[in-house]
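Lettering follows sequence order; numbering is per chain, from 1.
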2 protein chains.
Amino acid sequence: MIKTKAQYEARAQIAKALAHPTRLLLLDALADKDLCVCEMTELVGADQSTVSKHLAILKETGILQMEKQGAMNVYSLRCQCLEQFFGCIESVLRQKVQAQQELVEI
Amino acid sequence: MIKTKAQYEARAQIAKALAHPTRLLLLDALADKDLCVCEMTELVGADQSTVSKHLAILKETGILQMEKQGAMNVYSLRCQCLEQFFGCIESVLRQKVQAQQELVEI
DNA sequence: CTCAAGTATGGCGATATGGCCATCTAGAAA
DNA sequence: TTTCTAGATGGCCATATCGCCATACTTGAG
């Protein structure tokens with residue numbers, strides 16, 4: 001049940017990679033279709049180097065993979081499990097809203 | 001498909017709450033049974049104030065709820081969706097290991 | 001080879017996070 | 001009441017994260 005410190009750190013690192021609004025937007029976009037850095041830079045509206053670093057984090061964590069296509073680097077989802085992840089996040093959000101509604105109604 | 005900036009920030013905040021080894025340990029322990037702060041302080045092996053702050057983050061996010069029992073504050077899971085979350089994390093971890101094995105075998 | 005487009009990386013400042021200590025509060029027991 | 005245990009909070013410092021700029025690298029075109 002309870003795991004080692006190293007195991008929790010490994011899991012936390014994955015979660016940390018998923019814990020940034022820009023990276024969540026990138027994952028959402030990549031769920032639709034593969035994209036190159038320049039497309040995602042335009043989508044995000046931040047500096048190209050910023051987007052590149054976000055992608056590097058997701059790639060390093062194993063969530064994305066990258067393939068060179070000429071001068072462009074095309075990124076794609078490497079895992080199909082993100083729906084589970086987002087399902088949990090959404091569930092927590094809904095519960096939070098519900099809890100706040102209960103506070104108002106009392 | 002693509003959501004607003006505020007929506008991604010709300011989701012990122014949940015993910016961020018889950019992105020710390022100590023908090024993952026606490027959630028793992030609380031999946032087994034409800035616990036008070038002093039029990040979790042002993043389990044984690046950090047300062048009581050540190051554990052209290054971690055719990056406050058999880059409570060604020062809506063993942064945990066707290067109930068006073070005399071002088072003790074007993075925390076419990078508020079959402080049943082963490083298995084989904086951990087399932088995704090585990091899946092990413094396995095994939096990462098597999099990718100590294102492939103690098104070695106080439 | 002030279003140039004330009006597409007990316008990655010180093011560096012820097014601003015901000016956020018995490019840990020401990022000290023302190024304050026709440027409830028239970030003497 | 002005083003005292004003790006349980007817990008929360010403020011403060012401080014160390015470290016991590018994030019964003020941009022500047023720059024280096026890579027690839028295809030000319």
Tell me what [X] touches on the nucleic acid: a base, only sugar-phosphate, or nothing, going by heavy atoms under 4.0 Å.
{"X": "B:Ala56", "value": "nothing"}
{"X": "B:Lys53", "value": "base"}
{"X": "A:Lys16", "value": "sugar-phosphate"}

### Message
Assuming nearest nucleotide by heavy-atom distance, tell me which of A:Gln48 and A:Gly70 is located more 5' along DNA chain D.
### Response
A:Gln48
Side-chain N or O of [X] versus OP1/OP2 of [N]: is the shortest distance under 4.0 Å?
{"X": "B:His20", "N": "D:dA16", "value": "no"}
{"X": "A:His54", "N": "D:dG19", "value": "yes"}
{"X": "A:Thr50", "N": "D:dC20", "value": "yes"}

In the single-linkage hydrophobic clustering (I, L, V, M, F, W, Y; side-chain heavy atoms under 4.5 Å), do [X] and [Y] co-cluster?
{"X": "A:Ile2", "Y": "B:Leu55", "answer": "yes"}
{"X": "B:Val51", "Y": "B:Val74", "answer": "no"}
{"X": "A:Val44", "Y": "A:Leu30", "answer": "yes"}
{"X": "B:Ile63", "Y": "B:Ile57", "answer": "no"}

What is the distance, rounded to the nearest whole Å, between atom [atom1] of [X] and atom [atom2] of [N]?
{"X": "B:Leu35", "N": "D:dG7", "atom1": "CG", "atom2": "C1'", "result": "15 Å"}
{"X": "A:Met72", "N": "D:dC25", "atom1": "CE", "atom2": "P", "result": "23 Å"}
{"X": "A:Met66", "N": "D:dC25", "atom1": "CE", "atom2": "C1'", "result": "12 Å"}
{"X": "B:Leu55", "N": "D:dT9", "atom1": "CG", "atom2": "P", "result": "12 Å"}

### Terminal contacting nucleotides, 5' and 3', DNA chain C versus chain A (heavy atom, 4.0 Å)
C:dG6 to C:dG11
### Query
Of the nucleotides D:dG19, D:dA22, D:dG7, which has the atom closest to the B:Cys38 side chain?
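Closest of the options to the side chain of B:Cys38: D:dG7.
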## Note on the structure
In this structure, CG of A:Leu35 is separated from CG of A:Asn73 (nearest 0.5 Å) by 13.0 Å
### Message
What verdict does the side-chain contact (heavy atoms from CB on, under 4.5 Å) test give for A:Asp28 and B:Tyr8, after you've listed the backbone C-alpha separation in whole Å, the side-chain angles of each residue and the deciding distance to 0.1 Å?
### Response
CA-CA 10 Å; A:Asp28 227 11; B:Tyr8 287 116; 2.4 Å; yes
### Query
Toward the 5' end of DNA chain C, which comes first, A:Ala71 or A:Asp47, by nearest nucleotide?
A:Ala71
### Message
With a 6.0 Å cut-off (strictly less than), is the heavy-atom count around CD of A:Glu60, excluding the residue itself, greater than 12?
### Response
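Not buried by this count: 12 neighbours or fewer within 6.0 Å.
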